[in-house]
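So the structure is just underneath, and the comments pick up after that.
Below, chain A is the first sequence line, B the second, and so on; all start at residue 1. Predicted model only: the values in this text are computed from it and were never measured.
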2 protein chains.
Amino acid sequence: MTATLRMTHQREIILQELSRCGTHPTADDLYEHVRKQLPRISLATVYRNLEILSEAGLIKKLEVSGRRKRFDWDLAEHNHISCMKCQRVDNIDTTAAQVDTLSSGRHKGYTLTGLRIEFIGLCPTCRLHSEEHKEKGEQTMGCRKSTTSTLGDQQRQVLEALAQTATPCGSKDIAAATGLESKQISCQITALKKKGYVESPARCRYEITEQGKQILSQ
Amino acid sequence: MTATLRMTHQREIILQELSRCGTHPTADDLYEHVRKQLPRISLATVYRNLEILSEAGLIKKLEVSGRRKRFDWDLAEHNHISCMKCQRVDNIDTTAAQVDTLSSGRHKGYTLTGLRIEFIGLCPTCRLHSEEHKEKGEQTMGCRKSTTSTLGDQQRQVLEALAQTATPCGSKDIAAATGLESKQISCQITALKKKGYVESPARCRYEITEQGKQILSQ
DNA sequence: ATGTAATTGATAACTATTATCATGTCAAGA
DNA sequence: TCTTGACATGATAATAGTTATCAATTACAT
């Protein structure tokens, strides 16, 4: 395991593409899009980074059925609905109450740590074009949603630590304050900067922005 | 596509092993067990038959997360709970009411055709041996359950047709009576014989047993 | 500005599954 | 009971999706 996560150009573009498309792309989907900006990027780099970034809590790895893994920029807890035909995956809102009804209590001696709900159906597009497009209908990654993404747990922790201190601080200070592994700090900070919640008045010094304070108070 | 499904020795043993183990084995799990009775069987045969048998409705293919497909002898509608650590899969009971709450209404314009609920947790064994077995804990297919399996749709149809006629009849008659593709009849009959719901008084002649009448009236 | 651990691109390796094909076998009808 | 041809099998190659390897490059704390 590494001690520090770096925000490389490749990583930045991958995050950017994932945030731009409102969908739940596979590694390969993203590769095709990232390639337009970084023609020399390797598919392995995309796979590697999606794995690393999801472990670091910057993005989410989806556990939906099907052979290919999918990734999600939206860190908020939510379930999914997928199309039988084109495999496209969309978000659904299941209220906490509904989920609680199902997950309350222990089952078969298991200690419950999660619940995965996946609706299966035919998406509007596939229903219409029901005859024509045979199996070819793999989703095109359009920009359907201007994602207002939620903070990940670690991002929130970092932001809270920055809110506490008056003076701009370095990543070591943040590591100490949050108790987080220093490995992920700098990467989280870069992500927070991109979102506009953090700024850097001097090299390696960071402070929270007004926008950052606002999102914390929500 | 084939016109008739045959009940080969390999298919019989695969079904037998799947019915004996109360678990939800992968193709490879089953291969290892079937091999004890048929040392010359090919892994491809196991994969092929699991696919064919699930298409014919004799068994069920599970769509749980994780990379490997799993199969189920129990044809009744039910959901699953899987262990984060050893990937083992068990059944859970979710009442129709609970599921209805979740699945009622349309979502995002999708036409709903299914709902998949998967609980994630740590199974009792993994919780206990939490430190020792590292990743090696892939389930051993024990005989934990004496499965009283439910009839598949097609099996029920065949059985109902047999219940209607007084005299033992051949598979063509059954095909005509049920309107099912003749392809699956003989295979379904063999399965029903194994379950004790059908018997054959003469070659290629079949009739329903007392037990068979009983299960129909449930 | 610098040293070094983290990351990259290229590619081999890997896991799970499906396809191919020559050979063998099941089962409906005679 | 025998025949016959469609169906199934075993061995193995091929495929899809992902992960591992490694020499060369690069981001970043100091």
Side-chain angles (χ1 to χ4, degrees), chain A residues 1-14 26-31 34-35 38-54 56 61 66-71 87 138 169-175 182-187 189-190 200 202-206, chain B residues 1-14 26-31 34-35 38-54 56 61 66-71 87 138 169-175 182-187 189-190 200 202-206:
Chain A
M1 203 178 288
T2 64
T4 315
L5 271 196
R6 290 181 187 166
M7 182 54 76
T8 61
H9 192 204
Q10 287 89 334
R11 239 163 238 181
E12 215 165 324
I13 301 297
I14 289 169
T26 62
D28 205 65
D29 291 337
L30 270 172
Y31 174 57
V34 168
R35 220 136 68 109
L38 299 173
R40 307 190 50 88
I41 199 171
S42 163
L43 176 58
T45 302
V46 175
Y47 270 105
R48 200 168 22 207
N49 279 316
L50 288 172
E51 196 57 41
I52 289 169
L53 291 170
S54 66
K61 178 157 62 174
R67 239 193 302 202
R68 303 155 79 189
K69 292 183 179 173
R70 288 176 178 275
F71 297 86
Q87 317 296 336
E138 181 73 16
C169 53
S171 52
K172 260 193 172 168
D173 307 314
I174 299 170
S182 67
K183 104 180 220 184
Q184 293 156 355
I185 302 290
S186 69
C187 204
I189 286 175
T190 315
S200 178
R203 192 173 285 280
C204 303
R205 299 284 119 185
Y206 309 102
Chain B
M1 204 177 288
T2 66
T4 316
L5 269 196
R6 291 181 186 165
M7 183 54 76
T8 61
H9 192 204
Q10 288 87 336
R11 239 163 238 184
E12 215 165 324
I13 301 296
I14 288 169
T26 62
D28 204 67
D29 291 338
L30 270 172
Y31 174 58
V34 168
R35 219 138 68 111
L38 300 172
R40 305 191 50 89
I41 198 171
S42 162
L43 176 59
T45 302
V46 175
Y47 269 105
R48 198 168 23 207
N49 279 315
L50 288 172
E51 196 57 41
I52 288 170
L53 291 170
S54 67
K61 179 158 61 173
R67 236 187 312 194
R68 302 154 80 189
K69 292 183 179 173
R70 290 176 177 274
F71 297 86
Q87 315 297 333
E138 181 73 14
C169 54
S171 54
K172 259 194 173 168
D173 308 314
I174 299 170
S182 66
K183 103 179 221 183
Q184 292 156 358
I185 302 289
S186 69
C187 204
I189 286 175
T190 316
S200 177
R203 191 172 287 280
C204 301
R205 299 286 118 182
Y206 309 101

If I take atom CZ from residue Arg48(A) and atom CZ from residue Arg11(A), how far apart are they, to the nearest 0.5 angstrom?
8.5 Å

Applying side-chain hydrogen bond (donor to acceptor under 3.5 Å, both in side chains) to Thr8(B) and not counting sequence neighbours gives none

Go through dC28(D), dA28(C), dG10(D) for me and flag the one nearest to the Met7(A) side chain.
dC28(D)

Would you state whether a donor and an acceptor, one from the side chain of Arg11(A) and one from the base of dT7(C), lie under 3.5 Å apart?
no

First locate atom CZ of Arg40(A), then atom OG1 of Thr45(A), and finally report the distance between them rounded to the nearest 0.5 Å.
11.5 Å

Indicate, yes or no, whether a donor-acceptor pair under 3.5 Å links the base of dA6(C) to the side chain of Arg6(A).
yes

For Arg35(A), salt bridge (charged side-chain N to carboxylate O under 4.0 Å, His left out) partners two or more places apart:
Glu32(A)

In chain order, what residues pass the side chain to side chain contact (heavy atoms under 4.5 Å, CB included) check against Leu43(B), with sequence neighbours excluded?
Asp28(B), Tyr31(B), Tyr47(B)

Write down the distance between CD1 (Ile13(B)) and P (dT25(C)), rounded to a whole number of angstrom.
16 Å

note: His9(A), atom NE2; dT8(C), atom C1'; distance rounded to Å ~ 14 Å

CG on Leu30(A) to CZ on Arg70(A), rounded to 0.5 Å:
10.5 Å

Specify the separation, in whole Å, of atom CD of Gln10(B) and atom P of dG24(C).
14 Å

Taking atom P of dA24(D) as reference, at what distance in whole Å does atom CZ of Arg40(A) sit?
15 Å

Send over the distance from Leu50(B) CG to dT17(C) P, rounded to a whole Å.
10 Å

Name of the residue among Asn49(B), Ile14(B), Asp29(B) meeting side-chain contact (heavy atoms from CB on, under 4.5 Å) with Val34(B):
Ile14(B)

Non-hydrogen atoms of Ala56(A) and Leu5(A) that approach each other most closely
CB-CD1, 3.6 Å

Rounded to 10°, the angle between the first-five-pair and last-five-pair axes of the helix from dA1(C)-dT30(D) to dA30(C)-dT1(D) is 40°

Assign a letter to each nucleotide of nucleotides 12-20 of chain D from its 5' end: B, base within under 4.0 Å of a protein heavy atom; S, sugar-phosphate only; -, no contact.
B----SBBB

Send over the distance from Glu12(B) CD to dA8(D) C1', rounded to a whole Å.
14 Å

Taking only N and O in the side chain of Thr8(B), is any of them less than 4.0 Å away from OP1 or OP2 of dT9(D)?
yes

Using side-chain hydrogen bond (donor to acceptor under 3.5 Å, both in side chains) as the criterion, list what pairs up with Glu51(A), not counting sequence neighbours.
Lys61(A)

Give the rounded distance in Å between these two atoms: CD1 of Ile41(A) and C1' of dT11(C).
16 Å

dA16(C) C1' sits how many Å from Leu30(B) CG, rounded?
15 Å

